[in-house]
Participant: 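Pasting a structure here, questions to come.
Keep in mind that the numbers below use all heavy atoms, side chains included, and drop hydrogens, waters and symmetry copies. Below, read A as the first sequence line, B as the second, and so on, with proteins coming before strands; counting in each chain starts at 1.
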Protein chains: 2
Amino acid sequence: MAAKPYHHGDLERALLDAAIDVVRSDGIAALSLRDLTKAVGVTPSAAYRHFPSRDHVIAAVAMLSREDLARHMLAARDAVPARGSAQRRSVARFEAIGHAYVEFAVAHPTVFEAAFTACPVQLERTEDPRAWEVLTAAIDEMTLAGAIPAARRQDAPIIAWAGVHGLANILTGAAVPPGIDVDGQIAAVVKGIYRSIS
Amino acid sequence: MAAKPYHHGDLERALLDAAIDVVRSDGIAALSLRDLTKAVGVTPSAAYRHFPSRDHVIAAVAMLSREDLARHMLAARDAVPARGSAQRRSVARFEAIGHAYVEFAVAHPTVFEAAFTACPVQLERTEDPRAWEVLTAAIDEMTLAGAIPAARRQDAPIIAWAGVHGLANILTGAAVPPGIDVDGQIAAVVKGIYRSIS
DNA sequence: GGATAATGTGAACACCGTACACATGCGCGG
DNA sequence: CCGCGCATGTGTACGGTGTTCACATTATCC
């Protein structure tokens, strides 16, 4: 069993896994370096061999969360059946992405919060999927398929991004309006987005 | 000068003022009870005579920040000139509200963040203006003036709210897309919102 | 195999939120 | 006018936090 080797093997990965668990169950605010290192079975100071500060591990789990969200969007997009005209299909794929974005936030509010937490530390970007690019790609697809006029193409990304991001924040936040029907709101906003860019 | 009276007079108000200053300059995360009480010239424990916990202070400044935002929206709405048809005027007032929402967030990002911070403590609502109601009132105004069809009235609030709230979050957050022209983005989103509900 | 870099330990510091017993002074009933 | 009660502020303490630094241990490479 090797009992307890002095060196952990892959402490960085283990700390990030533990951090993701904490975020999933208790939110990003509950993330404590001492808890993380204790969960992994290591001394608090050991974390500093892999992360310069707590903010850096927060930034790391934020990036992982964003990638998680982007993967959900891609999966939803690729799950729409390849039926109908290219135009209708491009719209269906776009709307699937929008639904996935908000549904991910509703299903995993703490992860979504962590994904867009404002952290003082900035990490260099990775090669992994990013929500923004998934969205713009879907809009390009619609433009090519003739589902939206070329004149709207420029403003479409920010309009779509703002709509789904705003709804996600509203539905996961404390300032949720008196409306209750979550799925209805999502459908209304996604439809509204398409109407405003088409 | 009365030197230092044992009793402060209005500690609660003084603490909240100090808290708002901290939020304005360093964000809600930097808010510390010890700093607040030190700034006011009082012992840390004194704060607990007025707030059950730090979270309650945060909830209070969050509410104040939301009221601040709502006041900006009202001011912008009431500043639009009373010219043109009632229909055009209702649209102008609506768009002014949208612009004010996002511009407030861009101008005071830390206050905006504080306004919608997810805090575990919930405060009972006050009589003060709330952004949601300002927005729905503007939409009702447009409906009555015939600026938007009655069929769209039901979904209009969530669509508008999601759009401006999302854009505000995007422009103030770390995950800002490569686009730079802030005013252009605001105009595009506000116009897009009106297009999608009209 | 021995130097050297990488990694984990232990103790310490400063700070934080919070609790509790105590000091102080305002305001109201006599 | 007095004095008592209650609201308010003080002092001290506890447990928890991020972070640092000297030191111990192990992996790696010449």
Participant: Identify all side-chain donor-acceptor contacts of residues 20-29 of chain A below 3.5 Å with residues at least two apart in sequence or on another chain.
Facilitator:
from: A:Ser25; atom 1: OG; to: A:Asp21; atom 2: O; distance (Å): 2.9
from: A:Ser25; atom 1: OG; to: A:Val22; atom 2: O; distance (Å): 3.4

Participant: Can you name the residues that form a side chain to side chain contact (heavy atoms under 4.5 Å, CB included) with A:Ser65, not counting sequence neighbours?
Facilitator: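 Residues passing side chain to side chain contact (heavy atoms under 4.5 Å, CB included) with A:Ser65: A:Val111, A:Ala114, A:Ala115.
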Participant: In chain order, what residues pass the side chain to side chain contact (heavy atoms under 4.5 Å, CB included) check against B:Asp35, with sequence neighbours excluded?
Facilitator: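 With neighbours one apart ignored, the set is B:Ser32.
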Participant: With a cut-off of 3.5 Å and sequence neighbours excluded, list every side-chain donor-acceptor pair involving residues 36-50 of chain B.
Facilitator:
from: B:Thr37; atom 1: OG1; to: B:Leu33; atom 2: O; distance (Å): 3.0
from: B:Thr37; atom 1: OG1; to: B:Arg34; atom 2: O; distance (Å): 2.9

Participant: Using heavy atoms and a sub-4.0 Å distance, could you list which residues of residues 23-32 of chain B are near DNA chain C? By number, please.
Facilitator: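 Hits under 4.0 Å, by residue number: B:Leu31, B:Ser32.
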Participant: As an exercise, state the distance from CZ of B:Arg77 to CE of B:Met73, rounded to the nearest 0.5 Å.
Facilitator: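 Answer for the CZ-CE pair, B:Arg77 versus B:Met73, is 9.5 Å.
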Participant: Whole Å only: how far is the CG atom of B:Leu15 from the P atom of C:dG17?
Facilitator: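 Value for this atom pair: 12 Å.
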Participant: Would you call the rings of A:His165 and A:Phe112 parallel, tilted or perpendicular, where under 30° means parallel and over 60° means perpendicular?
Facilitator: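 A:His165 and A:Phe112: tilted rings.
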Participant: Not counting sequence neighbours, which residues clear side chain to side chain contact (heavy atoms under 4.5 Å, CB included) with B:Asp10? List them please.
Facilitator: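 Side chain to side chain contact (heavy atoms under 4.5 Å, CB included) check on B:Asp10 returns B:Glu12, B:Arg13.
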Participant: CG of A:Leu33 versus P of D:dG18: gap in Å, rounded?
Facilitator: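 Rounded to the whole Å, the gap is 5 Å.
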Participant: Identify every side-chain donor-acceptor pair in residues 135-146 of chain A under 3.5 Å, counting partners at least two apart or on other chains, and give the distances.
Facilitator:
from: A:Thr136; atom 1: OG1; to: A:Trp132; atom 2: O; distance (Å): 3.2
from: A:Thr136; atom 1: OG1; to: A:Glu133; atom 2: O; distance (Å): 3.0
from: A:Asp140; atom 1: OD1; to: A:Arg153; atom 2: NE; distance (Å): 2.6
from: A:Asp140; atom 1: OD1; to: A:Arg153; atom 2: NH2; distance (Å): 2.7
from: A:Glu141; atom 1: OE1; to: A:Arg93; atom 2: NH2; distance (Å): 3.4
from: A:Glu141; atom 1: OE2; to: A:Arg93; atom 2: NE; distance (Å): 2.5
from: A:Thr143; atom 1: OG1; to: A:Ile139; atom 2: O; distance (Å): 2.7

Participant: Going by ring-ring contact (aromatic ring centres under 6.0 Å, His included), name the residues that satisfy it together with A:Phe104, two or more places apart in sequence or in a different chain.
Facilitator: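 ring-ring contact (aromatic ring centres under 6.0 Å, His included) list for A:Phe104, sorted by chain: A:His72, A:His108.
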Participant: By nearest heavy atom, map A:Asp10 and B:Lys38 onto DNA chain C; which one lands nearer the 5' end?
Facilitator: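 It is A:Asp10 whose nearest nucleotide is closer to the 5' end.
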Participant: To the nearest Å, give me how far apart CG (A:Asp35) and P (D:dG16) are.
Facilitator: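 Checked: the CG to P distance equals 10 Å.
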Participant: Can you tell me how far C1' of C:dG8 sits from CG of A:Leu36, to the nearest Å?
Facilitator: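 Those two atoms, CG and C1', are 16 Å apart.
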Participant: For DNA chain D, determine which residues of residues 47-59 of chain A have any heavy atom closer than 4.0 angstrom to one of its atoms, and list them numerically.
Facilitator: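 Output list: A:Tyr48, A:Arg49, A:Ser53, A:Arg54.
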Participant: Polar-atom pairs under 3.5 Å, protein N or O versus N or O of nucleotides 10-12 of chain C: list them with distances, or write none.
Facilitator:
from: C:dG10; atom 1: O6; to: A:Ser45; atom 2: OG; distance (Å): 2.4

Participant: Partners of A:Val106 by side chain to side chain contact (heavy atoms under 4.5 Å, CB included), sequence neighbours excluded?
Facilitator: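 For A:Val106, the residues satisfying side chain to side chain contact (heavy atoms under 4.5 Å, CB included) (neighbours in sequence not counted) are A:Val102, A:Leu171, A:Val182.
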Participant: Kindly list each side-chain donor-acceptor pair under 3.5 angstrom involving residues 79-90 of chain B, sequence neighbours excluded, with atom names and distances?
Facilitator:
from: B:Ser85; atom 1: OG; to: B:Arg88; atom 2: N; distance (Å): 3.1
from: B:Ser90; atom 1: OG; to: B:Gln87; atom 2: O; distance (Å): 2.7

